[in-house]
Amino acid sequence: MKPFIIANWKQYLSIKESAKLFAQLLQLDRDSKMNGVDLIIAPSFVALPVLDAAKTKIKIAAQDCGATLVGAHTGAVSPTDLRILGATHVILGHSERRAEYFETDALIAEKIKAARAAKVTPIVCVGETAAERAAKKTRVVVGAQVRAALSAVKDPSELIFAYEPRWAIGMGTAVAPEDAAQIHAYIKDLANAPVRVCYGGSVSPENIAALLAEKNIDGVLIGGASAKFASLAACIKNAK
Ligand code: PGA
């Protein structure tokens with residue numbers, strides 16, 4: 001299967017900047033410079049309408065979604081509307097949502113169900129903090145997050161997992177590829193079905209090849225380095 005790159009633009013880009021960067025990526029695709037990579041772009045909600053992926057192989061993800069399709073939930077965005085705006089995927093349970101908005105495994109499970117009801121594929125982020133890692137609790141923490149996500153679907157392969165150790169996000173240093181790969185293998189064992197697991201946390205043009213060389217690392221989720229054309233294009237180029 002092709003390696004995939006998920007570009008998580010977080011709150012880095014304005015609508016105008018998102019449109020410009022997307023146009024540059026469309027040109028890369030037209031020039032056949034995607035290097036055999038499946039690219040999924042996750043812009044902010046409000047930039048979704050200006051990114052037209054209809055005629056390309058590039059896919060679109062939302063960065064979050066509401067836990068229901070419709071209802072009295074001020075500020076929530078329905079996965080149905082995300083689908084209409086072109087999102088085939090949605091990132092759920094990102095550590096920034098868990099930390100800054102206190103999202104729990106139970107809420108994330110409801111969001112997974114809503115996304116699936118709208119035929120949107122959840123990319124479920126899991127990962128331990130530095131303290132949990134130091135206390136050798138990585139598998140306990142990640143295991144609980146993965147099990148909660150699995151409880152929301154009938155078939156585990158409806159999900160994509162992203163292993164994102166919190167202490168590696170935005171730090172400039174990724175986890176050693178072989179260490180990440182062990183957790184990926186653990187997640188796949190828990191799913192007990194063919195699920196794809198990508199790695200996220202300080203992925204860069206310099207380390208992407210070594211990460212993707214690991215058998216159990218099926219793709220990467222890139223934050224900072226995905227929000228500029230030069231570094232995202234370099235990640236795509238170095239992916240294989
Ligand atoms: P980073 O972010 O690549 O900037 O570390 C990854 C993420 O948070 O998804």
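Start at 1 and go down the list; that is how both ligands and their atoms are numbered. Keep in mind it's a predicted model, so treat the numbers as computed, not measured.
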Worksheet item: In ligand 1, which numbered atoms sit nearer than 4.0 Å to a non-hydrogen atom of G224?
Response: 1 (P), 3 (O), 4 (O)
Worksheet item: Under 3.5 Å, side chain of W9 to main-chain N/O of S226, donor-acceptor pair present?
Response: yes
Worksheet entry | Taking atom 9 (O) of ligand 1 as the reference point, the nearest protein heavy atom with its distance | E164 OE2, 2.8 Å
Worksheet entry | Proximity flag A225 to ligand 1, non-hydrogen atoms under 4.0 Å | no
Worksheet entry | Residue part near ligand 1, for N8, under 4.0 Å between non-hydrogen atoms | side chain
Worksheet entry | Value rounded to 0.5 Å, distance of OH in Y163 from SG in C125 | 12.5 Å
Worksheet entry | Close-contact set for ligand 1 against L221 heavy atoms, below 4.0 Å | 9 (O)
Practice prompt. Would you kindly confirm whether V50 and I40 end up in one hydrophobic cluster when ILVMFWY residues are joined by side chain heavy atoms under 4.5 Å apart?
Written response: no
Worksheet item: Can you hop from Y101 to L107 via hydrophobic side chains spaced under 4.5 Å?
Response: no
Worksheet item: Can G200 be said to touch ligand 1, with heavy atoms closer than 4.0 Å?
Response: no
Worksheet item: Just which atoms of ligand 1 are under 4.0 Å from any heavy atom in G201?
Response: 5 (O)
Discussion item. Using a plain distance cutoff, I'd like to know if K10 has any nitrogen or oxygen under 3.5 Å from a nitrogen or oxygen of ligand 1.
Written reply: yes
Discussion item. Side chain or backbone, does G223 bring an N or O within less than 3.5 Å of an N or O on ligand 1?
Written reply: yes
Worksheet item: At what distance, to the nearest 0.5 angstrom, does CZ of F45 lie from SG of C65?
Response: 7.0 Å
Worksheet item: What closest approach, in Å, do L159 and A149 show between heavy atoms, and which atom pair accounts for it?
Response: CD1-O, 3.8 Å
Worksheet entry | Pair E164, H94: side-chain N/O donor-acceptor within cut-off below 3.5 Å | yes
Worksheet item: Is the backbone N or O of A180 less than 3.5 Å from a side-chain atom of E214, with the two atoms forming a donor-acceptor pair by type?
Response: no
Response to the item:
Taking only non-hydrogen atoms of G170 and a 4.0 Å limit, the atoms of ligand 1 in range are 1 (P), 4 (O), 5 (O)
Fill in: Distance-only N or O hit between ligand 1 and M171, under 3.5 Å
no
